[in-house]
Engineer: 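Sharing a structure with you now.
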Amino acid sequence: MEDEDTEWRPSWSEECLMTIAAFSNGNGGTVTIGIDDKGNVIGADNPQGLLKAIRDAISGNLGIKASVSERLVEGKTCIDIAVERGSCLTDLDGKLYGRMGGVTSIVKGDELQPFVSTRRQTSWTDLPARNIGMGMLSQDAIDLFVKKGLSTGRMSGMAKWSNESLLRRYCLMDDDGIRNSAAILFMEHPAPFFPASTVKIGAFDEDNRLLRRDIIDCPMIAQPDKVMHVLQNKYIFGIDGVELDTRVTRYPCPMRAVREALVNSLVHRDLSSAAGTYIMVYPSHVRINNPGALPLGWTKDDLSREHTSRPANPNIANVFYDAGYLERWGAGTVSMWRECETMGLPPPEYVLSRDQVEVIFRLTENIDEPIPQDGSLDTSEMTETN
């Protein structure tokens with residue numbers, strides 16, 4: 001039945017967007033197309049075409065993420081639109097919508113101020129960036145984000161937006177100025193202001209002696225590509241070969257899994273900490289150590305199966321998703337397990353403490369042996385980005 005987080009609609013209309021916005025402003029919910037308000041199953045017309053139309057409407061009008069899928073109900077195809085609680089308030093044509101019981105309504109008048117105050121996020125990255133203005137952001141970094149977003153198709157229509165409009169759209173700026181998240185994402189060298197924004201890479205021998213190191217201090221939007229470039233050229237060495245007339249480079253661990261772990265560490269790290277992300281490369285394994293903790297109530301077992309996405313820095317996660325660094329919410333840790341399994345390696349190991357999360361990848365000694373096409377192969381996306 002319909003309630004606070006469930007809405008039935010016989011067909012798709014603009015009113016559905018109001019309810020989707022209300023769910024985003026509340027605790028999330030699901031809109032189902034193809035069931036009337038009495039619970040009669042009608043089915044959705046042209047479900048395949050409607051799936052794309054709904055996704056485009058949500059992205060273009062609300063700028064949020066929602067899972068849109070079809071399912072059979074009593075032999076008829078219906079469409080579910082699952083909406084998570086948004087990282088910031090979601091408006092539709094400048095109006096805010098809320099949900100009370102099974103009813104969606106505009107929030108206005110005397111209700112507006114308490115609604116905004118109650119809903120406002122308090123993540124450290126949402127706080128105003130002290131002594132940092134728009135002019136201190138790197139235009140190259142912002143352009144890189146737009147370029148990546150356009151290439152993924154997740155930022156269509158935003159190519160000509162002003163920097164301010166873009167930052168406001170991603171909740172990286174408000175009337176008080178840019179937020180910490182914007183500064184970390186787009187400053188050329190954020191480390192002097194935000195020590196936790198750095199990635200430190202070190203090579204160690206079996207006796208734990210440091211052999212060499214690199215410190216990556218660049219806009220966070222460029223860190224995944226920059227860090228992977230340094231890792232593959234100075235720390236985790238591969239062997240070149242040819243398969244099916246194609247040049248490939250094999251690495252001793254699944255590099256796609258390492259990249260996924262890196263992106264997870266960037267999105268989830270405690271950026272208010274004094275410590276950054278550490279990547280330690282040993283002869284037998286790679287350790288990625290991050291300041292932060294799992295969401296309350298989570299255990300290591302939750303990381304071995306698909307789960308909801310609860311990033312510590314939601315606005316940064318949204319930027320990373322639209323830039324293509326994140327492919328599917330909540331599935332990244334599962335893909336890491338599968339990549340290791342494909343190479344015949346143990347699954348990633350997790351070491352948890354009160355304020356740190358560490359993931360460990362074991363290295364294989366047999367990278368010259370034939371391996372099925374998997375994450376151990378070199379990929380074109382792993383290139384240096386300044």
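Excluded from the calculations below are hydrogen atoms, water molecules and symmetry mates; all remaining heavy atoms, backbone and side chain alike, are included.
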Engineer: Measuring from atom CD1 of I58 to atom CG of L17, what distance do you get when rounded to the nearest 0.5 angstrom?
Structural biologist: 7.0 Å

Engineer: If I take atom CD from residue E358 and atom OG1 from residue T277, how far apart are they, to the nearest 0.5 angstrom?
Structural biologist: 11.5 Å

Engineer: Is V267 linked to L127 within one hydrophobic cluster, defined over Ile, Leu, Val, Met, Phe, Trp and Tyr using a side-chain heavy-atom separation of less than 4.5 Å?
Structural biologist: yes

Engineer: State whether the side chain of N46 and the backbone N or O of L50 hold a donor-acceptor pair below 3.5 Å, judged by distance alone.
Structural biologist: no

Engineer: Measure from NZ or CZ of R154 to the centre of the six-membered ring of Y321, then state whether that distance is under 6.0 Å and the direction lies within 45° of the axis.
Structural biologist: yes

Engineer: For a quick test of reading the model, state the closest non-hydrogen atom pair linking I288 to V258 and the distance between them.
Structural biologist: CD1-O, 4.1 Å

Engineer: Once rounded to the nearest 0.5 Å, what's the spacing between atom CD1 of I201 and atom CE of M280?
Structural biologist: 11.5 Å

Engineer: With a 6.0 Å cut-off (strictly less than), is the heavy-atom count around CG of N233, excluding the residue itself, greater than 12?
Structural biologist: yes

Engineer: Quick one about T32 and D80 (side-chain donor to acceptor, distance below 3.5 Å, no hydrogens or angles considered), yes or no?
Structural biologist: yes

Engineer: Do the non-hydrogen side-chain atoms of E164 and M134 ever get within less than 4.5 Å of each other?
Structural biologist: yes

Engineer: Within the side chain of R85, is there an N or O that forms a donor-acceptor pair under 3.5 Å with the backbone of G26?
Structural biologist: yes

Engineer: If you round to the nearest 0.5 Å, how far is OG1 of T152 from CG of D322?
Structural biologist: 6.0 Å

Engineer: Within the 3.5 Å criterion, strictly below it, is a donor on N27 or D5 matched to an acceptor on the partner's side chain?
Structural biologist: no

Engineer: Please indicate whether E349 has more than 12 foreign heavy atoms, meaning atoms of other residues, nucleotides or ligands, lying under 6.0 Å from its CD.
Structural biologist: yes

Engineer: Consider only side-chain N and O atoms of N208 and Y282, and report whether a donor and an acceptor are under 3.5 Å apart.
Structural biologist: yes

Engineer: Quick one: closest heavy-atom pair of P346 and C340, and the distance?
Structural biologist: O-CB, 3.4 Å

Engineer: Do side-chain atoms of K76 reach the backbone of A44 as a donor and acceptor pair under 3.5 angstrom?
Structural biologist: no

Engineer: Quick one: do V334 and I360 end up in the same hydrophobic cluster if we chain Ile, Leu, Val, Met, Phe, Trp and Tyr together by side-chain heavy atoms under 4.5 Å apart?
Structural biologist: no

Engineer: Got a donor-acceptor contact below 3.5 angstrom from the S181 side chain to the T125 backbone?
Structural biologist: yes

Engineer: Determine whether more than 12 heavy atoms belonging to other residues, nucleotides or ligands lie under 6.0 Å from atom CG of N131.
Structural biologist: no

Engineer: Answer yes if the side chains of S138 and D140 hold a donor-acceptor pair under 3.5 Å, and no otherwise.
Structural biologist: no

Engineer: Donor-acceptor check, side chain of R213 to backbone of K200, threshold 3.5 angstrom: yes or no?
Structural biologist: no

Engineer: Got a donor-acceptor contact below 3.5 angstrom from the Y325 side chain to the I221 backbone?
Structural biologist: yes

Engineer: Supply the atom-to-atom distance S197 OG to Q223 CD, rounded to the nearest 0.5 angstrom.
Structural biologist: 6.5 Å

Engineer: I'd like to know if Y278 and V263 are part of one continuous hydrophobic network [Ile/Leu/Val/Met/Phe/Trp/Tyr, side-chain heavy atoms within less than 4.5 Å].
Structural biologist: no

Engineer: Could you tell me whether the side chains of N163 and Q139 share a donor-acceptor contact shorter than 3.5 Å?
Structural biologist: yes

Engineer: Consider only side-chain heavy atoms of I, L, V, M, F, W and Y, link residues closer than 4.5 Å, and tell whether W161 and L137 are in one cluster.
Structural biologist: yes

Engineer: What residues form a salt bridge (Lys or Arg N to Asp or Glu O under 4.0 Å) with K234, not counting sequence neighbours?
Structural biologist: D214

Engineer: Tell me whether R212 forms a cation-pi arrangement with Y235, defined as NZ or CZ under 6.0 Å from the six-membered ring centre and within 45 degrees of its axis.
Structural biologist: yes

Engineer: Where is the tightest heavy-atom contact between M187 and M136, given as atom of each residue plus distance?
Structural biologist: CG-O, 3.9 Å

Engineer: Ignoring hydrogens and geometry, is there a side-chain-to-backbone donor-acceptor pair from N290 to V357 under 3.5 Å?
Structural biologist: no

Engineer: Looking at every non-hydrogen atom in both residues, tell me the closest pair between D217 and H189 and how far apart they are.
Structural biologist: O-ND1, 3.1 Å

Engineer: How long is the gap from SG on C16 to CD1 on I33, to the nearest 0.5 Å?
Structural biologist: 4.0 Å

Engineer: Go through the steps for D174 and R168 under the test salt bridge (Lys or Arg N to Asp or Glu O under 4.0 Å), then give the verdict.
Structural biologist: CA-CA 6 Å; D174 57 19; R168 286 182 179 273; over 6 Å; no

Engineer: With a 4.5 Å cut-off on side-chain heavy atoms, are I178 and P128 touching?
Structural biologist: no

Engineer: Same cluster or not: L363 versus F204, using hydrophobic residues (I, L, V, M, F, W, Y) connected whenever any side-chain heavy atoms lie under 4.5 Å apart?
Structural biologist: no

Engineer: Any chance you could lay out the salt bridge (Lys or Arg N to Asp or Glu O under 4.0 Å) test for D225 and R259, step after step, and finish with the verdict?
Structural biologist: CA-CA 9 Å; D225 292 337; R259 183 183 178 89; 2.8 Å; yes

Engineer: Just say parallel, tilted or perpendicular for the rings of Y170 and F145, cut-offs at 30° and 60°.
Structural biologist: perpendicular

Engineer: Apply salt bridge (Lys or Arg N to Asp or Glu O under 4.0 Å) to D207 and R209, showing your working.
Structural biologist: CA-CA 6 Å; D207 296 321; R209 290 177 297 201; 3.4 Å; yes

Engineer: Where do D56 and K52 land on the salt bridge (Lys or Arg N to Asp or Glu O under 4.0 Å) test, with the steps shown first?
Structural biologist: CA-CA 6 Å; D56 289 346; K52 183 178 186 306; 2.7 Å; yes

Engineer: Verify, without hydrogens or angle tests, whether E15 (side chain) and R9 (backbone) share a donor-acceptor contact under 3.5 angstrom.
Structural biologist: no

Engineer: Please report the shortest heavy-atom distance between C253 and R362, naming the atom on each side.
Structural biologist: CB-O, 4.0 Å

Engineer: Counting N and O atoms only, with roles assigned by atom type, does the side chain of N313 sit under 3.5 Å from a partner on the main chain of R269, one being a donor and the other an acceptor?
Structural biologist: yes

Engineer: Taking R99 for the side chain and T6 for the main chain, is one N or O donor matched with an acceptor at less than 3.5 Å?
Structural biologist: yes

